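All remarks here apply to the structure that follows.
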Number of protein chains: 4
Amino acid sequence: MAGNSFGNIFKLTTFGESHGEAIGGVIDGCPSGIHIDLEAVQNEMDRRKPGQSDIVTQRKEPDVVKFLSGIFEGYTTGTSIGFIIQNANQKSKDYSHIKDSYRPSHADYTYDQKYGVRDYRGGGRSSARETACRVVAGAIVKQVLKDIKINAYVSSVGEIELQTPYQELDFSVAETNTVRCPDSAIAEEMITKIKEIRKEGDTIGGTITCVLQNVPIGLGEPVFDRLHAELGKAMLSINAVKGFEYGSGFSGTKMRGSEHNDLFNADGSTKTNYSGGIQGGISNGEDIYFKVAFKPVATIMQNQDTIDKEGNMTEMHGKGRHDPCVVPRAVPIVEAMAALVLMDYYLLNKMYA
Amino acid sequence: MAGNSFGNIFKLTTFGESHGEAIGGVIDGCPSGIHIDLEAVQNEMDRRKPGQSDIVTQRKEPDVVKFLSGIFEGYTTGTSIGFIIQNANQKSKDYSHIKDSYRPSHADYTYDQKYGVRDYRGGGRSSARETACRVVAGAIVKQVLKDIKINAYVSSVGEIELQTPYQELDFSVAETNTVRCPDSAIAEEMITKIKEIRKEGDTIGGTITCVLQNVPIGLGEPVFDRLHAELGKAMLSINAVKGFEYGSGFSGTKMRGSEHNDLFNADGSTKTNYSGGIQGGISNGEDIYFKVAFKPVATIMQNQDTIDKEGNMTEMHGKGRHDPCVVPRAVPIVEAMAALVLMDYYLLNKMYA
Amino acid sequence: MAGNSFGNIFKLTTFGESHGEAIGGVIDGCPSGIHIDLEAVQNEMDRRKPGQSDIVTQRKEPDVVKFLSGIFEGYTTGTSIGFIIQNANQKSKDYSHIKDSYRPSHADYTYDQKYGVRDYRGGGRSSARETACRVVAGAIVKQVLKDIKINAYVSSVGEIELQTPYQELDFSVAETNTVRCPDSAIAEEMITKIKEIRKEGDTIGGTITCVLQNVPIGLGEPVFDRLHAELGKAMLSINAVKGFEYGSGFSGTKMRGSEHNDLFNADGSTKTNYSGGIQGGISNGEDIYFKVAFKPVATIMQNQDTIDKEGNMTEMHGKGRHDPCVVPRAVPIVEAMAALVLMDYYLLNKMYA
Amino acid sequence: MAGNSFGNIFKLTTFGESHGEAIGGVIDGCPSGIHIDLEAVQNEMDRRKPGQSDIVTQRKEPDVVKFLSGIFEGYTTGTSIGFIIQNANQKSKDYSHIKDSYRPSHADYTYDQKYGVRDYRGGGRSSARETACRVVAGAIVKQVLKDIKINAYVSSVGEIELQTPYQELDFSVAETNTVRCPDSAIAEEMITKIKEIRKEGDTIGGTITCVLQNVPIGLGEPVFDRLHAELGKAMLSINAVKGFEYGSGFSGTKMRGSEHNDLFNADGSTKTNYSGGIQGGISNGEDIYFKVAFKPVATIMQNQDTIDKEGNMTEMHGKGRHDPCVVPRAVPIVEAMAALVLMDYYLLNKMYA
C-alpha cells in the first residue's frame with residue numbers, strides 16, 4: 001500500500017536509497033524447484049548498470065546481486081527470496097547544493113512536502129537506482145517463464161524514430177549497439193544525437209517498444225485488472241515515464257472499426273493485430289506489443305533557477321555523472337517489469353485453470 | 001485479485017452482466033458522515049446512460065441506482081455501501097449470432113478460452129455496461145472530495161482534434177453539446193463526423209482529456225504506486241482504451257531537459273507544467289492532466305468474416321443499437337475512475353500525515 | 001481494508017444492515033464451470049435462519065438468496081457473483097430505546113466513537129445478520145470442493161459439555177436435533193438448559209467444534225499466512241466469538257513433547273493427531289479440527305443500567321426476539337467460514353502445482 | 001499472498017532460512033519523522049535471542065540488526081526500511097539425520113509435500129528463527145506508538161499456572177527472572193520445572209498473556225477485520241501456537257449474559273471488562289488482554305520412530321541445542337506481533353479521523 005511492492009501472487013518488495021549502504025528486495029511467491037542461473041541474472045544487471053558505454057552515465061557501480069534466501073543448492077524452494085546489492089557510490093560527497101534546494105522536475109520538493117524529510121543524497125529513494133531491484137526480479141522470472149520471449153528496444157531518441165514494424169526487426173541487433181536500437185543505421189544516428197546533446201550539457205527523451213511473444217492465451221483478469229492495465233501501471237511506475245500505449249495505441253483513435261477489427265483465422269489467431277495481443281483484457285495468443293514514453297532526464301549540466309526550502313530563489317547546476325538519455329539503460333527495466341506482470345498473471349491464471 | 005475490485009483503502013467491487021437481472025457493486029472504505037445527494041449521483045448516471053442523444057446508442061436504459069446499505073438518513077455511516085442497477089434490457093433476445101461465434105476484436109474468444117464458458121448475451125461481463133457501476137462510485141467520491149475539480153472532455157474524434165490547451169477552455173461548454181467537446185465549433189464537426197460514420201455502419205475512435213485541479217500536494221506513493229501509474233491503470237481498465245499519457249506525454253520524448261524542466265516559483269508552484277502535476281509519482285499541487293486513447297467500437301453494422309466455436313468460418317453482422325463512437329459517453333467514466341484514484345490516494349495519504 | 005472483504009483469491013465482499021432494505025455480497029474468484037445447486041444453497045441458509053426452532057429467536061426471516069450475476073444457465077462463469085437477500089424485518093419499529101443509548105457489550109458505543117454515526121436499527125452493520133452472506137458464499141464453496149467434508153457441531157452449552165472425541169461421533173446426528181449436538185442425550189440436556197435460561201430472560205455461551213476431512217496436503221502458506229492462522233481469523237471474525245484453538249489447543253500447553261509429537265506411519269499419515277492436521281502452517285492430510293468459543297448473547301430480557309450519548313445513566317430492557325444461545329444457529333456460519341478459508345488456500349496452492 | 005508479509009498499511013515482509021547467510025525484511029508504511037533508538041531495538045532482540053539464560057537453547061547468536069534504508073540521520077523517512085540479521089550459525093554442520101527423514105510434528109514433511117524441495121538445514125524457513133525479524137519490526141512500532149503500553153508475560157508452564165489477574169501484577173517483575181513470569185515465586189517453580197524437563201530430554205508447553213493498555217478507542221474494522229480477529233491471526237502465525245482467546249475467552253462460554261455484560265460508567269468506560277477491550281471488533285478504550293497457547297517444542301533429546309522420504313521407518317534423535325520450553329523467548333515475539341497489529345489498525349483508523 002505504501003508503494004514499495006509490486007504484484008499480487010508473485011510479489012516484489014524493494015528497499016533502498018541511492019546512496020545508502022545497499023538496496024535490495026524480497027521476491028515472494030516464486031514457484032519452487034526452478035533452477036536459477038546466477039550468471040544470467042548478473043547479465044541482466046549488466047545491461048542496466050551505469051558506466052556500460054560512452055552514451056550513459058560514467059558512474060561505476062558493479063551492481064552485484066547477492067541472494068540471501070529462497071534458493072538452495074541452485075533451486076528455488078518456494079520461500080521468499082531476499083537479495084541485496086551493495087551501493088558502491090555511498091561515500092560521503094558534497095550534497096550541499098541539493099540538501100536545501102529543490103532540483104526542478106525532480107521529486108525533491110514533493111518528497112519534502114509529503115514526508116517532511118528526505119534522504120537528499122543523490123535522490124535517495126526517488127533515484128532510478130531502485131530499478132536495479134526490478135531487474136533482479138525480472139531476471140528470475142525470465143528463468144521461470146522460459147517459453148515466453150520478452151524483447152524491448154529503443155524505438156526513438158528525440159525526433160529520431162525507428163519506423164520499421166517490429167515484425168521486420170531482428171531483436172538481437174539491439175544488443176549489438178550501445179543505444180539498444182535493432183536497426184544499426186538508426187542506432188548510429190541516435191548515438192550521435194545523444195553525444196551531441198550531452199556535449200551541450202542537455203538531455204533528451206525517447207521511447208522504448210516492447211514485444212512479448214508466446215504468451216499463453218488467457219492471462220489477464222476482467223474489468224479492473226486487465227492485462228494491459230497492469231502492464232501500463234508497471235511501465236508508468238518506472239522513473240521518467242510519461243505515457244504508455246499498446247496495440248494500435250493513440251494512432252488507433254483515428255481508425256474506423258471496419259479497419260481496426262482483427263479478423264479471425266480458423267485456428268483462433270487473427271489476420272491483423274491492432275488489438276496488441278489482448279482482447280477484453282485477456283491475452284489471445286497473438287504478440288503483445290506496447291510503447292513507453294520517457295521524458296528527458298531532469299538533471300542537466302546547465303545553470304537553472306530554482307528555490308530553496310525557505311522559498312528563496314537560488315541557482316543550481318547539475319553535478320556528478322548523469323545519463324544524457326535514459327532509454328538505453330531503461331530497456332532491461334521495461335523487460336523486467338513486463339516479466340513481473342506476466343509472472344503474476346500466469347500464476348493467477350493457474351488458479352482458475 | 002480476480003479483477004472485479006478497484007482501489008486499496010477506498011475500494012469498489014462490482015458484479016453484473018449486461019443482460020442479467022441487475023448489475024451492482026459494493027463501495028468499501030467510504031468515510032462516514034458524508035451527506036449524499038442522490039440526485040447528483042443520478043445526474044452522473046445520466047451523463048453515461050444510453051439513448052441520451054442522437055450520436056450514441058439508441059438503447060433505452062434508465063440506469064437508476066438503488067442504494068441498499070451504508071447510507072442512513074442521508075449520510076454515509078462508514079460501513080460498506082451496496083447498490084444495484086436493474087437491467088432494463090434483460091429480456092430474452094435473439095443471441096444466436098453470437099452464442100457460438102466470436103465477434104472480431106471483442107472478448108468473446110478470450111473469455112471462452114479462459115473460462116470455458118461465457119454469458120454470451122450482449123457481451124456479458126465484458127460489456128461496457130459494467131462501467132455504470134464505476135460512475136456510481138465516482139459520483140460518491142465527487143461528494144466527498146468537494147474541493148477537487150475533475151473535468152474530462154472529448155479532445156478528438158478520429159482526425160478531428162481540439163488543439164487548444166486546456167487552460168484556455170471553458171470546461172462547462174462540453175456539457176452543452178452531445179459530443180462533450182468544450183469548443184462548440186469543433187464539437188459540431190465531431191458530431192457531423194460521427195453521424196456520417198454511423199450512416200456507413202462503421203465506428204470511429206477518439207481521445208478524452210482529463211484535468212484534475214486543486215489536488216492536494218502529497219498524493220501518490222513512491223516507487224510502484226505512483227499517482228500517475230494508478231491513474232494510468234484506472235484509465236486502461238476502461239473498455240476500448242489503448243493508451244494513456246500525462247503531462248508532456250509522448251510529445252515530451254522529443255524535448256530536451258532544458259526545455260522540459262518545470263522551474264519553480266518562490267511558493268513552490270512551477271512556471272511550466274510539463275510534469276503534469278506529478279513529480280516522482282507524487283502530486284505537487286499543479287493541475288494534473290492526462291489524455292486517454294479509445295479505439296473504434298468493435299461492433300459495426302457491416303458484414304464481417306469470423307469463426308465459430310468449432311473453428312468454422314462464418315459471417316457476422318452487427319445487431320442491436322450500438323455507439324458509433326464511444327468517447328461522448330466515456331467522459332463521465334474517465335472522471336469517475338480519476339475520482340476513485342484520487343479518493344484512494346487521499347485516504348492513503350492521511351495515514352502518513 | 002475497511003473490513004468488509006474476506007479472502008485473497010476467492011474473495012467475499014459483503015454489505016448490509018440488519019434493518020436496511022437488503023443485505024448481500026459479491027463473490028470474486030470463483031472457478032468457472034461449476035454447477036450450482038440453488039436448493040443446496042438455500043438449505044444452508046435455512047440452517048442459519050431465525051425462527052427455525054423453539055430454542056432460537058422467533059423472528060421470521062425467510063432469507064431467500066437471489067443471485068444476480070456470475071451464474072449462467074446453472075454454471076459459474078468465472079465472473080463475480082453478486083447476490084442479495086431482502087430483509088423481511090425492515091419495517092419501521094420503535095428503536096427509541098437504542099437510538100441514543102448504548103446497549104452493554106454491544107458495538108453501539110464503539111461504532112459511534114469510530115464513525116460519529118450509526119444505523120441504530122437492530123444493530124445495523126454490527127448485527128449478526130450479516131453472517132447470512134457468509135453462509136451463501138460457504139454454500140457455493142461446498143459445491144466446488146465437493147471432496148472435502150466440513151462438519152461443525154455444538155460441543156458445549158454453558159457447563160454442559162460433549163466430551164466424546166469427534167472420531168467416535170456420527171456427525172449426521174447433529175442435524176436431527178435443534179441444538180445441533182451429535183449426541184442426542186446431551187443435546188436434550190442442552191435444549192433444556194437453553195429453555196431454562198430463556199425463561200429467566202438470560203442468555204448463555206457455548207462452543208462449536210469443527211472437523212475438516214479429506215483436505216488435500218499442502219494447503220497453507222508459511223510464516224504469516226499459516227492455514228490455522230487464517231482459520232483462526234475467520235472464526236474470530238464471527239460475532240460473539242472469544243476464542244479459537246486447534247488440535248491439542250490449550251490443553252496441549254500442559255503436555256510434554258514426547259507425548260504430544262505425532263509419530264509417522266510409513267505412508268506419511270500420523271499415529272496421533274495432536275497437530276490437528278496442520279504442521280508448520282500447512283495441511284498434512286490428517287483431519288483438521290478446532291474449537292470456537294462463543295460468549296453469551298449480550299441482549300438479555302432484563303433491566304440493565306447503561307448510558308446515553310450524553311453520558312447520562314439510564315436503564316435499558318431488551319426488546320424484540322433474540323437468541324438465548326447463539327451456538328445452534330452459528331454451526332453453519334462456522335462451516336461457511338471454514339469453507340471460505342479452504343477455498344482460498346486451495347486456489348492459492350494451485351500456484352505450486 | 002505467499003505468506004511472507006504481514007499487515008496492510010504498515011507491512012512487514014520477511015525472508016530467510018535459519019542456516020542461510022542472513023535473515024531480514026522490509027518494513028513498508030512506517031510514518032516519517034520518527035526518531036529511531038537503535039539501542040532500544042537491539043534490547044528487544046536480546047530478549048528473544050538464544051543463549052540468554054540457562055533455561056533456553058544454548059546456541060549463541062548475537063542477532064545484530066543492520067538497517068539498510070528508510071532511516072536517515074536517525075529519523076524514518078517514510079520510505080521502506082530494509083534490514084538484515086546475519087546468521088551466526090550458518091556453518092556447515094551435519095544435517096544427515098534430517099536431510100532425508102522427517103522430524104515428527106515439524107514442518108519437514110509438509111514442506112516437502114508442498115514444494116517438492118526444502119532447505120533442510122535446521123528447519124530452514126520453518127524455523128522459529130524468522131521471528132527475529134518480527135521483533136525488529138515490533139521494536140520500531142513501539143517507538144512510533146509510544147503511548148500504548150504492550151506487556152506480555154508467561155502465565156503458565158505445563159501445569160504451573162499464574163492465577164493472579166493481570167491487574168494485580170507488576171509487569172516489570174517479568175523481566176527480572178529468566179522465565180518472564182511477573183510473580184517471582186511462581187517463576188521459580190516454572191524455572192525448576194523447565195530444568196527438570198530438559199534433564200529428561202523432553203520439552204513442555206505453556207501460555208503467554210498479553211495486555212495492551214492506552215489503546216485509542218476506534219481501532220478495528222467491522223465484519224471481517226475485527227481487531228481481535230487480526231490479533232488472533234497474528235498470534236496463531238507464531239511457531240508452536242495452538243490457541244488464542246481474548247477477554248473472557250473460553251471461560252466466557254460458561255457464563256450468562258447477565259453476568260458477562262460489561263456495564264458502562266458515565267464516561268463510557270466499563271465496570272467490568274469481560275469484553276477484553278474490544279466490542280464489535282473495535283477497541284473501546286479498556287485494556288485489551290488475551291492469552292496464547294504454545295505446544296511443547298517438537299525437538300526432543302530422545303529417540304523417536306519416524307520415516308524417511310521413501311517411507312521407510314527409521315529412528316531419529318534430536319541434535320543440537322534446543323529450547324525445552326518456548327514461552328520465555330516467545331514473550332517479545334507476542335509483544336511484537338501485537339505491536340504490528342496495533343500499528344496497522346492505528347494507521348487505518350486515521351482514515352476516519
Side-chain angles (χ1 to χ4, degrees), chain C residues 1-4 6 8 104-105 107 110 113-114 125-126 158-159 202-207 217-218 221-226 228-229 232-233 236-237 242-245 247 249-250 252-258 260-264 266 279-280 282 284 293 295-298 300 305-307 311, chain D residues 1-4 6 8 104-105 107 110 113-114 126 158-159 202-207 217-218 221-226 228-229 232-233 236-237 242-245 247 249-250 252-258 260-264 266 275 279-280 282 284 293 295-298 300 305-307 311:
Chain C
M1 299 271 339
N4 295 291
F6 187 83
N8 299 285
S105 288
T110 50
Q113 290 285 320
K114 185 178 182 77
R125 185 70 180 144
S126 73
E159 303 271 359
D202 215 338
T203 59
I204 186 106
T207 61
I217 302 176
E221 300 304 318
V223 183
F224 297 110
D225 294 339
R226 294 166 200 243
H228 58 267
K233 179 173 177 182
L236 289 156
S237 80
K242 304 299 287 183
F244 170 86
E245 60 176 9
F250 277 89
T253 66
K254 300 182 177 165
M255 293 170 74
R256 290 169 172 235
S258 56
H260 191 276
N261 283 352
D262 295 317
L263 301 188
F264 285 104
Q279 280 164 340
I282 298 168
N284 68 353
K295 69 167 189 176
V297 172
I300 58 176
D305 290 335
T306 191
I307 56 169
Chain D
M1 299 274 336
N4 295 290
F6 187 83
N8 298 285
S105 286
T110 50
Q113 289 286 319
K114 184 178 182 78
S126 74
E159 304 273 0
D202 215 337
T203 60
I204 187 106
T207 61
I217 301 176
E221 300 303 317
V223 185
F224 297 109
D225 294 338
R226 294 165 200 242
H228 58 267
K233 179 173 177 181
L236 288 156
S237 79
K242 303 299 287 183
F244 169 87
E245 60 176 10
F250 277 90
T253 65
K254 301 183 178 165
M255 293 170 74
R256 289 168 170 235
S258 56
H260 191 276
N261 283 352
D262 296 316
L263 300 187
F264 284 106
S275 298
Q279 279 163 342
I282 298 169
N284 67 354
K295 70 168 187 175
V297 173
I300 57 176
D305 289 336
T306 193
I307 56 168

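No experiment lies behind these values; they were computed from the predicted model shown. Just so it is clear: chains get the letters A, B, ... in the order the sequence lines come, proteins before strands, and each one is counted from 1.
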With sequence neighbours excluded, residues passing salt bridge (charged side-chain N to carboxylate O under 4.0 Å, His left out) with C/K295: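 Once residues adjacent in sequence are excluded, C/K295 has no partner under the salt bridge (charged side-chain N to carboxylate O under 4.0 Å, His left out) criterion.
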Residues that D/D262 engages under salt bridge (charged side-chain N to carboxylate O under 4.0 Å, His left out), provided they are two or more places apart: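 With sequence neighbours excluded, D/D262 shows a salt bridge (charged side-chain N to carboxylate O under 4.0 Å, His left out) to no residue whatsoever.
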Best-contacting candidate, D/E159, D/H228, D/E221, against chain C by heavy atom pairs under 4.5 angstrom: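 Most pairs with chain C among the choices: D/E221.
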Residue among D/G158, D/G280, D/G252, D/A107 with most heavy-atom pairs under 4.5 Å to chain C: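 Going by pairs under 4.5 Å, I would pick D/G158.
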Whether D/N261 side chain and C/S105 backbone form a donor-acceptor pair below 3.5 Å: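 No; zero donor-acceptor contacts below 3.5 Å.
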Flag, side chain of C/T203 to backbone of D/G257, donor-acceptor distance under 3.5 Å: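 Between the backbone of D/G257 and the side chain of C/T203 there is a qualifying donor-acceptor contact (under 3.5 Å).
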C/E245 and D/F244: CA distance, side-chain angles, deciding distance, side-chain contact (heavy atoms from CB on, under 4.5 Å) verdict: CA-CA 6 Å; C/E245 60 176 9; D/F244 169 87; over 6 Å; no
C/S258/D/D202 under side chain to side chain donor-acceptor pair (under 3.5 Å): CA gap, chis, key distance, verdict: CA-CA 6 Å; C/S258 56; D/D202 215 337; 2.5 Å; yes
Spacing of CD1 belonging to C/I217 relative to OG1 belonging to D/T110, to within rounding of 0.5 Å: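 OG1 of D/T110 is found 9.5 Å from CD1 of C/I217.
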Atom pair CE/NZ of C/M255 and D/K242 - distance to nearest 0.5 Å: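 Answer for the CE-NZ pair, C/M255 versus D/K242, is 10.0 Å.
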Would you check if [X] and [Y] make a side-chain contact, meaning some heavy-atom pair closer than 4.5 Å?
X      : Y      : value
C/R125 : D/V223 : yes
C/Q113 : D/Q279 : no
C/R256 : D/P296 : no

Verdict with supporting geometry, D/D225 and C/K233, side-chain contact (heavy atoms from CB on, under 4.5 Å): CA-CA 8 Å; D/D225 294 338; C/K233 179 173 177 182; 2.8 Å; yes
Aromatic plane relationship, D/F250 with C/F250 - under 30° parallel, 30 to 60° tilted, over 60° perpendicular: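 Geometry flag for D/F250 against C/F250: perpendicular rings.
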Max heavy-atom pair count under 4.5 Å with chain D, selected residue of C/T253, C/D305, C/L236: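 Among C/T253, C/D305, C/L236, the one with the most close pairs to chain D is C/T253.
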